[in-house]
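The model shown is predicted, which means the values in this text are computed figures rather than measured ones. We number each residue from 1, following the sequence as shown.
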Amino acid sequence: MLNLALLAFTSFVVALSGAVVPGPVFVVTVSESLRRGSLAGPLIVIGHLILEAFIIGAILMGLKVVLASACVRMVIGYVGGVTLILMGLFLLRTARSFRMGSDLKRAESGFVSHGLIAAGFLSSGSNPHFFLWWVTIGLPTMQYCISMAGVAGIIAFIIGHAAGDLFWFGLVSYSIDKGKKLLNERAIRYIIGGSALFLIGFGITFIYQTILA
């Protein structure tokens, strides 16, 4: 039991190593937490974890070579870059039309959970570094857990990994939600707009890096 707890803790820390690095999921969590409240983070993470479940399944079925191939990385770079740019443009439109009273009240009273889950799925899948993290860090950690405890090891890995993502993005979402009461409408617009520009810049960078590769 102690060995499994240690494996879960190792997975937890490894997950944090990827989660704390600012990226699309972080940006979407910040912007949506401002509009929808502290539950935005956990719901976005659900979408993120759904995609990771597919990746774990693919790895277990022997798709490591496919995920690591230059061709797949090129496709991820272009498709991911374009998706990030489109998401950024959507957020820019949101920033321009944002109204403190109506938007926050509507978001808090009518949670569009499937939209947030989809945002977590798309923002994760559009980030090439997300897939590279899995190939370079996630996969070796998972293999280590399996070698130490077999099926129980993979369960410990999944629990620890999910806990790490939920802890970090839940904390970010909660902090942003509580802090929004100190922000005026213009400040929130600037934060959402800044997040949008970050996504667009992120997307352009990925496309540029893919061209140079």
Side-chain angles (χ1 to χ4, degrees), residues 1-33 38-69 72-73 76 80 83-84 87 113-177 199 202 206:
M1 184 64 69
L2 181 61
N3 185 45
L4 292 178
L6 182 60
L7 291 177
F9 178 74
T10 300
S11 179
F12 177 89
V13 174
V14 169
L16 285 181
S17 74
V20 298
V21 178
V25 177
F26 178 83
V27 172
V28 172
T29 298
V30 171
S31 63
E32 292 303 310
S33 296
S38 60
L39 286 178
L43 288 171
I44 288 171
V45 170
I46 289 175
H48 173 78
L49 293 176
I50 289 174
L51 178 58
E52 291 193 317
F54 284 112
I55 291 177
I56 291 174
I59 291 174
L60 292 176
M61 289 188 294
L63 244 57
K64 175 184 176 181
V65 176
V66 175
L67 291 174
S69 73
V72 171
R73 291 169 66 174
I76 292 173
T83 303
L84 285 173
M87 291 180 66
S113 59
H114 64 279
L116 292 171
I117 293 174
F121 187 95
L122 292 172
S123 58
S124 299
S126 65
N127 184 0
H129 290 181
F130 168 77
F131 295 95
L132 294 179
W133 181 92
W134 266 101
V135 171
T136 59
I137 301 176
L139 177 60
T141 304
M142 188 172 72
Q143 289 178 327
Y144 171 76
C145 291
I146 294 174
S147 67
M148 293 295 293
V151 175
I154 187 64
I155 293 174
F157 170 83
I158 292 172
I159 292 174
H161 187 89
D165 287 336
L166 285 169
F167 169 78
W168 174 249
F169 291 110
L171 178 63
V172 169
S173 188
Y174 178 81
S175 300
I176 293 296
D177 180 46
L199 286 180
F202 220 19
F206 287 153

If I compare all heavy atoms of [X] with all of [Y], which pair ends up nearest, and what's the gap?
X	Y	value
A156	L7	CB-CB, 4.1 Å
S38	P42	O-CD, 3.4 Å
A149	N3	CB-ND2, 4.4 Å
P24	S123	CB-O, 3.4 Å
G41	T29	CA-CG2, 4.0 Å

If we ignore hydrogens and angles and just use 3.5 Å, is the side chain of [X] paired with the main-chain N or O of [Y] as donor and acceptor?
X	Y	value
S11	F157	yes
S147	Y144	yes
S173	F169	no

Once rounded to the nearest 0.5 Å, what's the spacing between atom [atom1] of [X] and atom [atom2] of [Y]?
X	Y	atom1	atom2	result
E32	I176	CD	CD1	12.5 Å
Q143	I154	CD	CD1	10.0 Å
H161	T141	NE2	OG1	9.5 Å
E52	W134	CD	CH2	5.0 Å
L49	D165	CG	CG	5.5 Å
L51	L122	CG	CG	9.0 Å

Within a strict 4.5 Å, meaning less than it, do heavy atoms of the [X] and [Y] side chains meet?
X	Y	answer
F26	I44	no
V30	V27	no
L16	F167	yes

Checklist entry - Would you call the rings of F121 and F54 parallel, tilted or perpendicular if under 30° counts as parallel and over 60° as perpendicular? => result perpendicular
Item to check | Whether F12 and F9 hold their rings parallel, tilted or perpendicular, with breakpoints at 30° and 60° | outcome: parallel
